[in-house]
Amino acid sequence: MKRTMICILVLIFPLLLTAQTHSHQQGTIVRMRITDCPGPQHGFMATMSGTGKVDTGDQCPEYVLVGDKVVYVISGRTSDQLLPLAETTRFRMQKNELLIRIDDAAKESRFHIKAMVLRPEWDRNQQLEDAEATAMITRRLDPTTIREQQQGR
Amino acid sequence: MAIPVPCQRCWALFTLLLFCAGMPPAIAGDPDFTYRTHAAEVRLNFSALDQNEHGVATLRSTDFAVVDKDVIVRNFKSFTRSDWTKLEIAILIDTSESVTPSFRHEMSDALQLISQTAGVPDQNLSIFTFEGSKPRLLCAEDCRVAHAAERLPTEGTHGLTPLFDTVAFAANFLAKHGDAHAERVLIVFSDGADTISQSSLANAIDAALRGEVQLDCIDLNQSADGSQGATVLRHLARATGGRYFPPPAGASQALNATLEGYRASYSVSYELPSHASGFHTIRILPTHNLNLQFRSRSGYYYPDQTR
């Protein structure tokens with residue numbers, strides 16, 4: 001009986017390990033800002049009645065995490081929930097939260113997901129923003145525009 | 001068909017052309033000139049400290065990232081250790097009555113600092129104070145030999161404390177002085193109480209940020225609890241990337257810590273991530289070791305490109 005159990009465990013262990021590895025995703029944090037902390041969640045009724053969001057007055061870090069297929073906007077729950085800004089961040093999803101293990105910490109840090117965008121859509125928006133910024137700079141340096149601005153003064 | 005021009009007329013035409021070429025290209029009725037500025041690179045000086053507030057001398061460019069107006073920058077154009085001998089140090093000594101009990105003690109600490117700044121050339125050291133309602137430069141470039149303590153006002157300022165004006169004055173002095181890429185630090189010995197300045201606290205911070213001057217503030221209050229002066233000093237230090245030393249830290253200890261921090265300071269440059277005009281806030285954060293702390297100015301002004 002013991003031998004059978006050991007054999008089963010030996011067979012199952014690599015499968016469990018693979019499953020765990022697959023549940024983790026990789027991404028890069030590209031933006032960070034300090035914003036109001038997300039208030040405690042009070043469920044569906046409180047959200048619908050407009051009393052769900054409680055302003056605690058604290059400031060928390062908010063990150064934009066770019067994954068392979070999805071881009072997440074996540075927020076820490078406390079002001080000191082800072083992430084190391086390494087090139088690669090490993091994370092996993094659990095119950096509408098994003099879990100990140102910070103180096104050798106005993107347990108993973110939980111982050112509130114504020115928004116999710118599909119990667120192609122986000123890439124397209126970024127390209128549009130970049131094009132707009134470039135156009136703005138070119139317009140500013142364009143002699144005709146400068147002359148018009150001076151005449152308008 | 002070509003028209004032959006007599007040689008005499010040819011010389012006259014040549015002279016006229018030369019005269020015209022020497023004239024300034026001014027256009028009557030259009031006195032406005034357009035200056036175009038284009039900045040593509042941000043240069044930032046900062047110091048790195050470990051969890052015990054000791055300087056980190058072995059920092060690598062992969063150990064930190066810069067958050068510039070929300071955008072995370074990891075690719076740097078240059079990363080070098082700052083040259084300690086180029087550090088520009090100014091000391092501001094508050095000589096108002098409110099700090100009189102600790103005045104002599106503070107003076108001796110300042111002198112001790114001056115003797116400790118080995119490696120920093122004489123011309124990079126200056127001392128400021130105030131007399132009446134005006135800021136005063138006590139000595140510059142010859143502070144070690146000038147016996148600065150003897151020049152300090154022996155009497156109080158009769159209740160007048162132009163602290164913010166003196167901070168702005170000293171920041172402007174440092175900004176115009178020395179190497180353009182040098183790190184500049186103003187060490188403020190004060191209780192943080194201002195009574196007569198024309199400048200506001202915001203003006204003083206603005207002058208320090210524009211001049212890229214870091215303010216290290218040593219609190220001379222008896223206690224920092226609930227003191228408005230302590231809040232002012234803390235704010236000055238935080239906004240400019242400096243350090244605040246609460247009482248009774250001991251001025252010499254605080255100065256040692258400050259100078260040690262500058263011995264482990266770095267300079268980094270990177271491509272401007274956003275051309276939005278206005279104030280760009282900056283934070284430097286670790287990429288791996290969350291025990292690392294970084295001190296730098298809180299941001300910079302990116303001007304409108306056309307003035």
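Below, read A as the first sequence line, B as the second, and so on, with proteins coming before strands; counting in each chain starts at 1.
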Colleague: Relative to chain A, which segment of B:Val67 carries a heavy atom at a distance below 4.5 Å: side chain, backbone, both, or neither?
Modeller: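 For B:Val67, the contact with chain A is made by the side chain alone.
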Colleague: Tell me whether A:Met93 at atom CE has more than 12 heavy atoms from other residues, nucleotides or ligands lying less than 6.0 Å away.
Modeller: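 More than 12 heavy atoms, drawn from other residues, nucleotides or ligands, come within 6.0 Å of this atom.
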Colleague: Heavy-atom cut-off 4.5 Å, strictly under: side chain, backbone, both or neither for A:Ile29 against chain B?
Modeller: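 For A:Ile29, backbone and side chain are both near chain B.
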Colleague: If you count every heavy atom of other residues, nucleotides or ligands that lies below 6.0 Å from A:Asp130 atom CG, does the total exceed 12?
Modeller: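 Atom CG in A:Asp130 is crowded, with more than 12 foreign heavy atoms closer than 6.0 Å.
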Colleague: Kindly write out the residues that satisfy salt bridge (Lys or Arg N to Asp or Glu O under 4.0 Å) with B:Arg283, not counting sequence neighbours, or none if the list is empty.
Modeller: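 Result, salt bridge (Lys or Arg N to Asp or Glu O under 4.0 Å) vs B:Arg283: none returned.
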Colleague: Got more than 12 heavy atoms from elsewhere within 6.0 Å of CD, A:Gln126?
Modeller: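 Result for CD/A:Gln126: enclosed.
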Colleague: Looking at side-chain heavy atoms only, is the closest gap between B:Ile72 and A:Val30 below 4.5 Å?
Modeller: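 Counting from C-beta outward, B:Ile72 and A:Val30 never come under 4.5 Å.
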Colleague: Under 4.5 Å between any side-chain heavy atoms of A:Met32 and B:Val71, yes or no?
Modeller: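 No, their side chains stay 4.5 Å or more apart.
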Colleague: A:Thr28 versus B:Arg74: any side-chain heavy-atom pair under 4.5 Å?
Modeller: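 Yes. Closest side-chain heavy atoms under 4.5 Å.
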Colleague: Side chain from CB out, backbone as N, CA, C, O: work out which of these in A:Glu87 comes under 4.5 Å of a heavy atom of chain B, or both, or neither.
Modeller: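 For A:Glu87, heavy atoms of backbone and side chain both lie under 4.5 Å from chain B.
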Colleague: Which residues pass the side-chain hydrogen bond (donor to acceptor under 3.5 Å, both in side chains) test with A:Gln81, sequence neighbours left out?
Modeller: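 None.
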Colleague: In a check of side chain to side chain contact (heavy atoms under 4.5 Å, CB included) between A:Pro84 and each of B:Asn289, B:Leu290, B:Leu292, B:Thr287, which one passes?
Modeller: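 Only one option passes, and that is B:Leu290.
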